[in-house]
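A, B, ... follow the sequence lines: proteins, then strands. Residue 1 opens every chain.
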Number of protein chains: 2
Amino acid sequence: MESNSSQHQKEPDTEKKILTAAGKVFMIKGKAGTSMQDIADEAGINRTLLHYYFRNKDKLFDAIFDDVLKKIFPIVAKVFMDKNPLFEKIESFCILYIDMLKDKPFLPFFLFQEIYINPKRLVGMIKEGGLDTFVGRESMKKELHQHGVDDMDPRHLIANLIGMVIFPFVGRPMFQKLAFNDDQEAYEIFLEQRKKEVPEFIKCALKGRNISST
Amino acid sequence: MESNSSQHQKEPDTEKKILTAAGKVFMIKGKAGTSMQDIADEAGINRTLLHYYFRNKDKLFDAIFDDVLKKIFPIVAKVFMDKNPLFEKIESFCILYIDMLKDKPFLPFFLFQEIYINPKRLVGMIKEGGLDTFVGRESMKKELHQHGVDDMDPRHLIANLIGMVIFPFVGRPMFQKLAFNDDQEAYEIFLEQRKKEVPEFIKCALKGRNISST
DNA sequence: GTCTATATCGGGATAGAC
DNA sequence: GTCTATCCCGATATAGAC
């Protein structure tokens with residue numbers, strides 16, 4: 001019988017509520033800028049419960065950070081590991097990544113910031129993720145060659161791709177204000193458009209480059 | 001005579017040292033993550049001097065932030081305001097921006113973060129900068145038209161441009177590790193290459209798009 | 001598991017001597 | 001202008017009652 005637990009709120013899962021709240025607040029305010037109280041407020045619970053479940057702030061942050069990595073790595077890896085044709089990979093990357101960022105816009109931000117401050121994390125991260133060296137670069141070069149592009153380091157292509165996808169999210173407040181007069185709705189549409197716009201841009205760039213060199 | 005000041009270290013300018021140190025530390029650790037002691041250590045001075053010169057942490061941060069804005073705005077504005085041909089604007093933007101970021105790699109980071117946390121700043125910022133509404137968009141559309149591109153919102157072009165330029169800096173630790181096996185030197189070269197690579201990529205993209213639609 | 005009360009510490013800020 | 005000493009508060013963290 002668990003009828004006696006009815007008074008205890010029987011919250012669907014306090015731990016889960018904490019993780020959700022912490023993820024949200026940490027992402028926006030950063031680790032240092034976030035207090036345990038902030039998280040407790042966001043979760044609607046007592047502050048000391050955070051310690052009960054996660055011992056201390058560091059541990060809680062780590063839990064969030066690991067979680068974030070688990071979500072983002074498979075997506076990034078897709079571009080390098082997949083066996084699909086180049087443009088298909090790029091397209092699916094854009095869709096996946098943009099959808100994820102719509103859900104968690106601060107994610108790249110959060111990631112990059114923490115790694116800047118604490119680069120050690122990167123080492124363990126990579127070993128766990130099994131991305132020890134950068135596989136797939138040679139194969140990408142080959143793919144570019146098949147499209148008639150021989151004079152481009154694939155890493156430039158990767159940087160271009162990721163940069164184009166990420167920017168509207170990390171720079172959102174500024175860009176939305178300056179370029180969209182703070183029209184939220186228009187910006188949402190813009191973000192959605194980029195799922196097609198970015199792959200198209202890349203496709204044209206590679207095609208244009210190809211033609212120019214013949 | 002100022003011979004009597006010889007004991008006093010006669011520092012070339014304490015205030016300047018503070019600004020330099022604060023700029024560095026704030027950018028890397030963020031406002032919340034930086035303590036006054038951190039800055040004092042970086043500057044090699046006593047902590048209370050920071051208060052003597054800037055009263056409190058907020059004021060010191062504001063001084064840094066304003067300074068950053070003054071540097072970055074003219075560069076960004078250049079893309080929209082200039083009367084040069086489109087590709088020249090893009091090229092000079094890339095060179096200016098990349099050179100600046102080589103000097104202050106955390107700058108976009110720092111900017112975006114602060115604006116995310118404190119969007120109010122944006123308002124005052126824009127009014128000071130005189131960028132009230134987004135001028136230059138129509139003229140950009142015209143320019144694109146001259147290049148045979150009619151089906152592209154110039155804002156996508158802007159987002160692409162800025163994203164491509166910024167990413168290698170904000171994502172540096174991760175990207176350098178994953179794509180360059182942490183080879184610092186190779187990465188510097190890569191960054192330098194992007195001054196040509198990005199404009200070239202854009203040029204080809206627009207050309208490719210143009211041809212495809214004819 | 002959840003709460004209240006409390007210990008402890010670090011960081012911001014000021015006063016005042018030099 | 002620069003330093004030491006000190007105040008104060010906010011935030012982490014723990015102990016212990018329920």
Side-chain angles (χ1 to χ4, degrees), chain A residues 1-65 110 113-114 117-118, chain B residues 1-65 110 113-114 117-118:
Chain A
M1 281 250 256
E2 38 175 322
S3 60
N4 56 346
S5 65
S6 58
Q7 342 266 91
H8 290 193
Q9 290 267 84
K10 194 171 172 295
E11 292 299 354
D13 204 0
T14 304
E15 187 167 343
K16 196 137 202 162
K17 273 163 69 181
I18 293 174
L19 285 171
T20 306
K24 191 169 173 186
V25 184
F26 271 139
M27 287 231 208
I28 298 174
K29 299 196 180 184
K31 183 179 173 181
T34 300
S35 73
M36 295 296 262
Q37 188 64 57
D38 288 338
I39 297 170
D41 289 347
E42 175 72 31
I45 58 167
N46 188 285
R47 194 173 57 78
T48 51
L49 283 177
L50 302 180
H51 291 97
Y52 177 80
Y53 282 96
F54 293 92
R55 182 142 190 97
N56 60 37
K57 188 180 175 180
D58 277 327
K59 294 255 196 333
L60 175 54
F61 183 83
D62 287 349
I64 301 293
F65 194 81
F110 173 76
Q113 184 192 31
E114 179 59 20
I117 294 173
N118 184 3
Chain B
M1 280 248 260
E2 37 173 322
S3 60
N4 57 346
S5 64
S6 56
Q7 343 265 90
H8 290 195
Q9 291 267 84
K10 194 173 172 297
E11 294 297 355
D13 203 1
T14 305
E15 187 167 342
K16 196 140 203 160
K17 274 163 66 181
I18 293 174
L19 285 171
T20 306
K24 193 170 171 184
V25 184
F26 272 139
M27 286 232 204
I28 299 174
K29 299 196 181 185
K31 183 178 176 182
T34 301
S35 73
M36 296 296 261
Q37 188 63 59
D38 288 338
I39 297 170
D41 290 346
E42 175 72 28
I45 59 166
N46 188 286
R47 194 171 59 81
T48 52
L49 283 177
L50 301 180
H51 290 97
Y52 176 80
Y53 281 96
F54 294 92
R55 184 141 190 96
N56 60 36
K57 190 178 174 181
D58 278 327
K59 294 253 195 337
L60 175 53
F61 183 83
D62 287 349
I64 302 292
F65 195 82
F110 173 76
Q113 185 192 29
E114 179 59 20
I117 294 173
N118 184 2

Look for any protein N or O under 3.5 Å of an N or O in nucleotides 14-18 of chain D and output each such pair with its distance, or none.
| from | atom 1 | to | atom 2 | distance (Å) |
| --- | --- | --- | --- | --- |
| D:dT14 | OP1 | A:Arg55 | NH2 | 3.4 |

*Partners of A:Asn56 by side chain to side chain contact (heavy atoms under 4.5 Å, CB included), sequence neighbours excluded?*
A:Asp58, A:Lys59
*Which residues satisfy the side chain to side chain contact (heavy atoms under 4.5 Å, CB included) test with A:Asn118, sequence neighbours excluded?*
A:Glu114, A:Lys120, A:Arg121
*Hey, does A:Leu50 have a side-chain heavy atom less than 4.5 Å from the side chain of A:Ile45?*
yes
*Please answer whether the main-chain N or O of B:Thr34 pairs with a side-chain N or O of B:Lys57 as donor and acceptor at a distance below 3.5 Å.*
yes
*Looking at residues at least two apart in the chain, or sitting in another chain, which of them share a side-chain hydrogen bond (donor to acceptor under 3.5 Å, both in side chains) with A:Ser35?*
A:Asp38
*Once you round it to whole Å, what is the distance between P of D:dG1 and NZ of B:Lys17?*
14 Å
*Mind calculating the distance between NZ (A:Lys59) and P (D:dT12) to the nearest angstrom?*
15 Å
*Taking only residues two or more places apart in sequence or in another chain, which ones pass side-chain hydrogen bond (donor to acceptor under 3.5 Å, both in side chains) with A:Glu15?*
none
*Please list residues of residues 21-40 of chain A whose heavy atoms come under 4.0 Å from any atom in DNA chain C, ordered by number; otherwise none.*
none
*Would you list the pairs meeting ring-ring contact (aromatic ring centres under 6.0 Å, His included) in which at least one residue belongs to residues 14-58 of chain A, sequence neighbours left out?*
A:Phe26-A:Phe61
*Could you give the CG-to-P distance, from B:Leu50 to C:dT14, as a whole number of Å?*
13 Å
_Minimum-distance nucleotide (side-chain atoms of A:Tyr53 versus D:dT2, C:dT2, C:dG12)_ = C:dT2
*asked:* Just to verify, what does A:Thr48 make a side-chain hydrogen bond (donor to acceptor under 3.5 Å, both in side chains) with, not counting sequence neighbours?
replied: A:Asn46
*Taking atom P of C:dA13 as reference, at what distance in whole Å does atom CZ of B:Phe54 sit?*
14 Å
*Set of salt bridge (charged side-chain N to carboxylate O under 4.0 Å, His left out) partners for A:Lys24, sequence neighbours left out*: A:Glu42
*Using whole Å, report how far NZ of B:Lys16 lies from C1' of D:dG1.*
19 Å
_Rounding to an integer number of Å, can you tell me how far B:Asp13 CG sits from D:dG1 C1'?_
12 Å
*Tell me: CZ of A:Phe61 to C1' of D:dT12, nearest whole Å?*
17 Å
*Figure out the CG/P separation between A:Asn46 and C:dT6, and round it to whole Å.*
16 Å
*B:Tyr52 side chain near C:dT14 phosphate (N/O to OP1/OP2, under 4.0 Å)*: no
